[in-house]
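Read through the structure below, which is laid out as structure tokens, and then see the notes.
The sequence lines fix the lettering, A, B, ..., with proteins before strands; numbering per chain opens at 1.
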Amino acid sequence: MESFVWYIPILPLTGAIINGLFGRVLKDKAGWIASLSVLGAFGLSIQAFLLVREGITFDGNLFDWIVAGNFHTSFGVLVDELSVIMMLIVTGVGFLIHVYSNGYMHGDPGIARYFAYLNLFIFSMLLLVMGNNLLLLYLGWEGVGLCSYLLIGFWYQKPSAAKAGLKAFITNRVGDFGFAIGIFIIFKAIGTIYYSQIFQQTEELLAAGVLTAATLLLFVGATGKSAQFPLHVWLPDAMEGPTPVSALIHAATMVTAGVYMVARFSPLYSLSEVAMAVVVIIGTFTALFAATMALVNNDIKRVLAYSTISQLGYMFIGVGVGAYAAGIFHLMTHAFFKALLFLGAGSVMHALAEETNIQKMGGLYSRIKITAVTFIVAWLAISGIPPFSGFFSKDEILAKAYAYHPLIWVLGTLGALLTAFYMSRLVFLTFFGKSRVEPEREHHIHESPPVMTVPLIILAVLAAVGGFVGVPEVLGGHNHFGKFLEPVFAQAEANLHLAHVSHTVEYGLMAASVLMGLLGIGLAYLMYIKASISPVTLADRFRKVYRLLSNKYYVDEIYQKLVIDPIVSFSRWLWHAVDEGIVDGIVNLSGRLMLLFGLILRRVQTGYVQNYAALFVLGTLILLAYYLLS
Amino acid sequence: MEMASLLNYTTFLPLLGALILLMIPKTEEVLIKSWAFFVTLTTFLLSLPLFHNFDGSRSSIQFETIKSWIPSIGAGYHVGLDGISILLYLLTTFMMPLAVLSSWSAIQNRVKEYMLAMLVLETGMLGVFISLDLLLFYIFWETMLIPMYLLIGVWGGPRRIYAAIKFVLYTMVGSVLMLVAILYLYFLHYNFTGVYTFDLLQIYTIDIPFGLQLWLFLAFALAFAIKVPMFPFHTWLPDAHVEAPTAGSVILAGILLKMGTYGFLRFNLPLFPEASVHFAPLFLVLAVIGILYGAWISMVQRDIKKLVAYSSVSHLGFVMLGVFAFTVPSMQGGLIQMINHGLSTGALFLAVGMIYERRHTREIREFGGVTRVMPVFATLFLIVCLSSLGLPGTNGFVGEFLILVGSFQVVPAFAVLATVGIIFAAVYLLWMFRRVMFGPLTREENKNLVDLNGREVATLLPIIVFIFWIGFYPRTFLDKTEATISRLAGTMEKARAELHLEKQAPYWKYLVWKGNP
């Protein structure tokens, strides 16, 4: 395997370099070069997958990266069951989004730059999931952050886009601060950052008393990258970027890096009940918290962004309670249906000349049928309606969450209700009912070209049937997905003592959550199709709640007032009062004092011989007096 | 050619070039510039075999020359390179041609004098890094001040005289105390051995009593701390940078500041290891203050150049943290970070110079949306900013990470605080980048800005090559420093152990010379 795995990240890197250097000449061809490089990586990933399925994994180094004293890290990859799944998702979904982008970004003057960034992203993301040590993970981690920054701010002339890019980068840096400290702690305790060696020395980490601290700090990084509370604030703003970027980076792949990281470090997380509890609590809270904000938002992309934050919360519940395979399963199905939702949203915006306000849509179903049908598939998948993919993955997480603590299940199921509701609201307002499209956009409505709709159709198929790879035993399946991943999580599972729920209970849980999904859809139907409940009067009655939600719980404002403003004022004070005033003041004062001494002493140097003679005599007299008197 | 003589030739080649330059008529400006570029480029090319042949697995001095110079007082011409100086030597020869290139159109008057100053400066700087004789070192150290003073004072901005005088006087205050300490060491060595010598390697061998070490340490440390500059001795820096011409800033940030950190590694640590251990907490505190203080003040600057100047305070704080943590990774990281800072901050100053030359302002609010008219510049500038903020895959990350991971092993609290500085590095650089390069292109004056020309791209591109080279394969450079730093770390380890055993004599006892200790 070693001969070809290197090409998996190298191919997109080559694409990025070619498009970066020769983009101006290539123009529209840039997109096909980029797409082909990712397709190549996808092909090789399939080959790697086939080998891994036969039990052949690979862990090896290409060349040393940083070597100093006892510190050692290298460019090395680990291709095992977990990373190969991630590679398939990244390159597979990535390829579809690349193809789609050829249509979506057609005619944009910066198209070559766009594809260079997109390829660079795939490269970084592959390093992130393929690396065999923490520092390479970190390289990929910050690399995808950079691409995210560049792509959010792709239309850099829009001040809001430039601001959103900056916000994303800085927020992630805050998270990465924790991540870096986590790496330092692990290295200090056991002197290595290679996965294989870390996992052999979990006992040493425990003995050193740093395991919980290390896992929690790494998780701080995950809250940044995967937009979990309290570092979730950057993701909604990240919607300023081109829509395919939102699909690829801010839904399907990059934001799931935190989930991957926790799953990868399952041998450590499973040893710390505190760390697991924190992951579960943050995940659960975020799942609900973000879902409530999605309820009232009117921007098609932002609703999906909150939905992504919320769904990531579910994944964290999964990997937090020890259901690692379930978490990764949901990561995969989510990649399918959320990428599809975003691309669908892009197609809608394409049809409506970049309109994003769902209050100004409606009745689009018959006008853009492919987009609408595929969107509906994704809607059913995310709402957890069987047999669509989201049903299986979400239910597996919720069943395991019930075994962990019933309250988590209750909250998770409540979240499922909210999810079904806000997604139905989105679908109904966009595709059904009367058209509220502004007249000047009305005539513009058209279905997207095949280059965009074919990826939609492929993703719709995946979102519909993708769940069948992991049908649980209780439904008569074999859960191939979970079995495939078993070797990776065996060590963690040995540390855990997961309670099992009986089949009867599991049926009950499943029925309850499907019911919740249907309830959510039904409620939305009553409000937005039947109009038997008026959303306006509802918002009016609960005005305070509505205001709180539509202002995103004022988290941005709180950060501005409590963090950013004080730091900036403090820095200004530091500059003017301390640096210019005190530190430099003393320097200039000492200069002036010298000048003053000079002015005084100058008087002595009068140049008159008689003055010098007088001083000379005076000095002699003093000396004489001194010797005579002593 | 034998490497030792190559080292000598390379070091004095710029001075020779300056002498020949004297013969070129003043009006032949293109010839003058070309000649200066040719000389600095040749110097760089000649220094490459030195790098290639340098054996990083040996901790001893290589390419050594020992010649008697002023025998009556025991001053010698003793030069050579080791793992501490090799990279800095190469950094100097590498940056000089770029500095000359960057002055091509920026310097309009007194071109001949300017290039003379640059060439003399180069020999002065190279001399500092190779000197292994205290007197020789001191002479180079002071020599280099004069051309730098002229660069700021003659070709600088409106407040150039104030800045130049501040720069010189501030540096002198430190150097004078260092000179006293050098003389003290000279006589001390005589008292120990009966031999008068300024030879550093011989002075290394004497075992200086702890109480005395403390004083001598402080005398050297003040000179170097001002040069670094460490908080609170940094206020000359923003003034000097803002007033200096671009090339002056590049050299100042790229090389001159490194002489401070270099001085600590070359003199303070090996000469006074116990005192270094004793004072380490103080320097760690100052380093971390510098990191955060520099970052915060950078964040609120309105002038891009001043922002970069204050960021140097922050970056050099990282180097000092690495040096005074005394672990192999942290000190190797510190050395690499010196190089990184030279490259990245040097490139930042070059970039700032490029837009200044076009717009004659450096006020952030005067810009906005520049990317649209200068896309090539935008790309290069962004890469440089990312390297300066330590993005993995660039040089800045390698240095900072090694410093942090190394210092975390011994002083975790300091490392954690320093890591906070990394967050703010992203804030001040990218915030500035957004305001200057992104957003709508609103101002009329900015609409006609022309993108970089070939010469300007050629000044930045070599640096960018090294940004990625060090970022992805730092072993080329780290390996050269390994043996020397390991030995130094060993010395510090021993000192740490001995410090606990030794009776700590009161400092004041050594204020009065008592003859034979």
Side-chain angles (χ1 to χ4, degrees), chain A residues 20 63-71 75 113 124 135-136 138-143 145-146 149-150 153 156-159 161-163 165-166 169-170 172-174 176-177 180-181 183-185 187-188 193 567-568 570-572 574-576 578-580 582-584 586-588 590-591 594, chain B residues 166 169-170 231-232 234-236 239 293 296-297 299-301 310 327-329 332-333 336 369 371-372 375 379 382 386 391-393 397-398 401-402 404-406 408-409 412 415-416 419-420 422-423 426-427 430-431 433-434 437-441 472-475 478-479 481-482 485-486 489:
Chain A
F63 61 88
D64 287 333
W65 182 19
I66 306 178
V67 180
N70 56 343
F71 185 81
F75 273 84
R113 184 166 58 93
S124 308
L135 211 61
L136 205 57
Y138 192 72
L139 171 71
W141 191 270
E142 289 235 327
L146 167 71
Y149 162 78
L150 292 170
Y156 57 83
Q157 298 185 49
K158 247 167 77 186
K163 266 189 190 149
L166 184 65
F169 197 92
I170 305 289
N172 272 294
R173 271 249 152 164
V174 175
D176 293 353
F177 161 78
I181 309 278
I183 298 178
F184 300 156
I185 288 181
F187 180 74
K188 187 187 177 189
I193 55 161
I567 289 178
V568 171
F570 171 71
S571 301
R572 291 229 165 86
L574 211 57
W575 176 29
H576 292 301
V578 178
D579 203 58
E580 292 187 333
I582 300 172
V583 182
D584 204 32
I586 292 171
V587 175
N588 285 331
S590 55
M594 290 299 148
Chain B
K166 194 172 183 179
L169 285 186
Y170 218 141
F231 174 87
H234 63 274
T235 52
W236 63 269
D239 287 317
Y293 184 90
W296 282 327
I297 295 187
M299 196 169 68
V300 290
Q301 293 305 309
Y310 274 108
T327 66
V328 178
Q332 275 194 285
I336 282 290
T371 302
R372 208 177 121 195
T379 310
L382 182 64
L386 293 172
L391 189 85
F397 175 70
V398 175
F401 185 80
L402 280 177
L404 292 172
V405 83
F408 190 85
Q409 294 179 58
V416 170
T419 313
V420 176
I422 291 188
I423 301 178
V427 176
L430 293 182
W431 191 23
F433 195 84
R434 172 172 80 70
M437 304 304 294
F438 292 159
L441 189 64
F472 281 100
Y473 198 69
R475 284 204 71 169
L478 281 172
D479 285 357
T481 67
E482 179 145 25
I485 292 295
S486 297

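Every residue two or more places apart in sequence or in another chain that forms a side chain to side chain donor-acceptor pair (under 3.5 Å) with A/D579 is listed here: B/H234, B/Y293, B/Y310. A search for ring-ring contact (aromatic ring centres under 6.0 Å, His included) contacts involving B/F397 returns A/W65, A/Y138, B/F401, not counting sequence neighbours.
Of the atoms belonging to A/F187, it is side-chain heavy atoms, and not backbone ones, that fall under 4.5 Å from chain B. For A/V568, the parts lying near chain B are the backbone and the side chain together; criterion is any non-hydrogen pair under 4.5 Å. Only the side chain of B/L478 has a heavy atom closer than 4.5 Å to any heavy atom of chain A. Only the side chain of B/L402 comes within less than 4.5 Å of a heavy atom in chain A; its backbone stays farther off. When heavy atoms are compared at a cutoff of 4.5 Å, A/N588 approaches chain B solely by way of its side chain, counted from C-beta outward. Heavy-atom distances place no part of B/I485 under 4.5 Å from chain A, backbone and side chain included. Contacts between A/L146 and chain B at a heavy-atom distance below 4.5 Å involve the side chain alone, from C-beta outward. Heavy atoms of B/I336 lying under 4.5 Å from chain A are absent altogether. Proximity to chain A (any heavy atom under 4.5 Å) is restricted, for B/R434, to the side chain, taken from C-beta onward. Proximity to chain A is absent for every atom of B/W236, based on heavy atoms less than 4.5 angstrom apart. Contact of B/T371 with chain A is made through backbone and side chain together, with heavy-atom distances under 4.5 Å. Heavy atoms of A/I185 lying under 4.5 Å from chain B belong to its backbone as well as its side chain.
A/R173 contributes a side-chain N or O that, together with a main-chain N or O of B/I422, makes up a donor-acceptor pair within less than 3.5 Å.
Taking every heavy atom of both residues into account, A/A68 and B/P329 meet most closely at O-CG, 3.6 Å.
The CD1 atom of A/I66 sits 10.5 Å away from atom CZ of B/F472, with the distance rounded to the nearest 0.5 Å. Atoms OG1 and CZ, from B/T419 and A/F177 in turn, are 6.0 Å apart once rounded to the nearest 0.5 Å. Taken to the nearest 0.5 Å, the CH2 atom of B/W296 stands 15.5 Å off from the CZ atom of A/R572. Between atom CZ of residue B/F433 and atom OH of residue A/Y156 there is a gap of 10.0 Å, rounded to the nearest 0.5 Å. Between atom CD1 of residue B/I423 and atom CG of residue A/N172 there is a gap of 11.0 Å, rounded to the nearest 0.5 Å. In this structure, B/L391 CG and A/F169 CZ are separated by 5.5 Å, a value rounded to the nearest 0.5 Å.
A 4.5 Å side-chain heavy-atom check between B/D239 and A/D584 finds at least one atom pair inside the cut-off. Between A/I181 and B/F408, the closest side-chain pair of non-hydrogen atoms falls below 4.5 Å. At least one side-chain heavy atom of B/Q409 sits less than 4.5 Å from a side-chain heavy atom of A/N70. Put simply, the side chain of A/I193 does not reach to within 4.5 Å of the side chain of B/V405, judged on heavy atoms.
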For this session: In sequence, state the C-alpha distance, the side-chain angles, and the governing distance for B/L169 and A/M594, and then conclude on side-chain contact (heavy atoms from CB on, under 4.5 Å).
Result: CA-CA 12 Å; B/L169 285 186; A/M594 290 299 148; over 6 Å; no
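By number of non-hydrogen pairs under 4.5 angstrom with chain A, the leading residue of B/I297, B/L441, B/L404 is B/I297. Chain A forms more heavy-atom pairs under 4.5 Å with one residue of B/G439, B/P474, B/G369 than with any other, namely B/G439. Put simply, of A/H576, A/K188, A/Q157, the one with the most heavy-atom pairs under 4.5 Å next to chain B is A/Q157. Note on B/M299, B/M437, B/R372: by heavy-atom pairs under 4.5 Å with chain A, the leading option is B/R372. Looking only at heavy-atom pairs under 4.5 Å with chain B, the residue among A/I183, A/L139, A/I586, A/I582 that has the most is A/L139.
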